[in-house]
Q: 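Okay, here's the structure, questions in a sec.
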Amino acid sequence: MTMRDWLVGLAAHAQRLAGQSLATLIQADPARAQDFALRCGPLYANFARQRYDRVALDALFDIAARADLAGAMQRQLGGDTVNPTEGRAALHSALRGEATASAFVLAARAQAMAAQLRMRELIEALAATDVTDIVSVGIGGSDLGPRLVVDALATPDARFRVHFISNVDGNAARRVLAGLDPKKTAGVVISKTFGTQETLLNGQIVRDWLGDDSRLYAVSTNAQRVADFGIPPERTLPMWDWVGGRYSLWSAVGFPIALALGMDCFEQLLEGAAAIDAHALHAPLRQNIAVWHALTAVWNRNGLHAATQAVLPYDDRLKLLPNYLQQLVMESLGKRVRLDGSDVQVETVPVWWGGAGTDTQHSFFQALHQGTQVVPADFIGVVQADHPFAANHAALLANLLAQTEALANGQNSDDPHRRYPGGRPSTLLLLEALTPQTLGMLIALYEHSVFLQSVLWGINAFDQFGVELGKQVANRLLPALQGEREADDPVTRAVLAELRSGA
């Protein structure tokens, strides 16, 4: 089956279902609520409120079988070169477990375990000092993952308070450093190549502010550049080419996570992700949450032509999850050519966005309920609260359930201004509790879904050349901004003149 064939098939199913409301689809299939739900340990997923029926779902799973998604998972987790444009494997899974027994995986796993042992040693040594605060300097994959996990799981009584600087805007560094004591602070500079402009500029600010290089650490693949920056090997942790930046929180890039939570909790995070690795690799397609999630994304994009996707965590500790997923999903799937270099003949990634409920119910939910665009959504809830405010948690879960129901079913009214059309699809993901293990599972689920979508679209989920062009132009423009040359672009020249006149 060619891509054109399955696109035609999805279009036919979407047209067939167009006249049926989502509420009708659910009412007509009493077993749907149970049959369209799956569980992997403490992670539960319910797809019953997606706009497909069993016939359309059969077609999607037929596409999955023909595309050999099971084989694709085996190849990725086994260390095959799944990033052909850069000639690399994508073995972030080896950082958290041995999903397969290939020699490459076992060697990668050995390196990962050695790095984890070194992380533990550095943390124990740092804990014996007067340091109370850590400033982590990175950007993109070297920042978003650790920032998400620390924000979600760090507690007030942690041994170290961890702070993050990513934006090259000097206000970011000034705000973070303003409340800290340089004599009781250590810095971690994280950059895969140790050539990222934003990270090096911010790293220099932190280095100068500390006034003492003995409390500066690094995580990088480029030991020489780290040494040139003044950080010795004994305070440098490794990265590897077979781990992409946005998949790197499981590596020594997670050093700030281990500092904030403790090394034991970091290892529990890895164990949770490893559980999803095993599930994605071994569960049959019909019982595989990652496959369901990927097929649902493809259905919404290519069958229903949804241009955006919302992610709505109903737990304030997960408020940074939409930011994290924007990079994971859109950097991975924002491609317009196939692996062979030909144009993709299909819509690929939608725009991912979102925010935490219930705050967002009072901002953009109006558009979700009554706007002209249908926006599929992932709702994420946590069953057990970690706080003593039972009434608040009950209200939070009530709102979570109410929004998924109201978006799906809508409500009729004689007043068109108070009419809700419904038919707005959503997936519900529930964690029994928010722990390092369950957060690891949740993040790894999205990683595998992204990879499987890339297989269906025939694109590379592991390169990110689109990130580079703007950086290259910025480097060319810096001398022009400093008055050392003229810009080539006429609009840029006009704006530069305006910037100089206001200086």
Q: For residues M441 and C40, determine if any side-chain heavy atom of one lies less than 4.5 Å from a side-chain heavy atom of the other.
A: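 In contact.
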Q: Got a salt bridge between D169 and R174, using NZ or NE/NH1/NH2 to carboxylate O under 4.0 Å?
A: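 Looking at D169 and R174, the cut-off is not met.
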Q: Answer yes when K335 and D463 have at least one side-chain N-carboxylate O distance shorter than 4.0 Å, and no when they do not.
A: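 Counted as a salt bridge, because a side-chain N and a carboxylate O are separated by less than 4.0 Å.
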Q: Has the side chain of T348 got a donor or acceptor atom that lies under 3.5 Å from a matching backbone atom of G334?
A: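 Judged by distance alone, no pair lies under 3.5 Å.
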Q: For Q287, enumerate each residue passing the side-chain hydrogen bond (donor to acceptor under 3.5 Å, both in side chains) test, keeping only those at least two apart in sequence or located in another chain.
A: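 Q287 satisfies side-chain hydrogen bond (donor to acceptor under 3.5 Å, both in side chains) with no other residue.
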Q: List in chain and number order the residues that pass salt bridge (charged side-chain N to carboxylate O under 4.0 Å, His left out) with R225, two or more places apart in sequence or in another chain; answer none if no residue qualifies.
A: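 Scan of R225 (salt bridge (charged side-chain N to carboxylate O under 4.0 Å, His left out), adjacent residues dropped) gives none.
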Q: Assess whether a salt bridge exists between D489 and R476, defined as any Lys/Arg side-chain N lying under 4.0 Å from an Asp/Glu carboxylate O.
A: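 No, no charged N to carboxylate O under 4.0 Å.
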Q: Please collect all salt bridge (charged side-chain N to carboxylate O under 4.0 Å, His left out) contacts where either partner lies in residues 135-144, sequence neighbours excluded, each pair once.
A: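 Found D143-R147.
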Q: Does a side chain donor of either Q50 or W299 reach within less than 3.5 Å of an acceptor in the other side chain?
A: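 There is no such pair between these side chains.
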Q: Evaluate the ring planes of Y52 and F36, with Trp represented by its six-membered ring, and classify them as parallel (under 30°), tilted (30 to 60°) or perpendicular (over 60°).
A: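 Rings of Y52 and F36: tilted, 30 to 60°.
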Q: Test of understanding: with side-chain hydrogen bond (donor to acceptor under 3.5 Å, both in side chains), list the residues that count as partners of D315, not counting sequence neighbours.
A: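 R317.
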Q: Going by ring pair (Phe, Tyr, Trp, His ring centres under 6.0 Å), name the residues that satisfy it together with F61, two or more places apart in sequence or in a different chain.
A: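 Result, ring pair (Phe, Tyr, Trp, His ring centres under 6.0 Å) vs F61: W292.
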Q: Report yes or no: does T308 contribute a side-chain atom to a donor-acceptor pair with the main-chain N or O of W352 at less than 3.5 Å?
A: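 It does not hold such a pair.
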Q: Applying ring pair (Phe, Tyr, Trp, His ring centres under 6.0 Å), name anything that partners Y247, two or more places apart in sequence or on another chain.
A: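 Result, ring pair (Phe, Tyr, Trp, His ring centres under 6.0 Å) vs Y247: H92, F462.
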Q: Does a donor on one side chain sit under 3.5 Å from an acceptor on the other, for Q453 and R301?
A: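 Not at all, the side chains of Q453 and R301 share no donor-acceptor pair under 3.5 Å.
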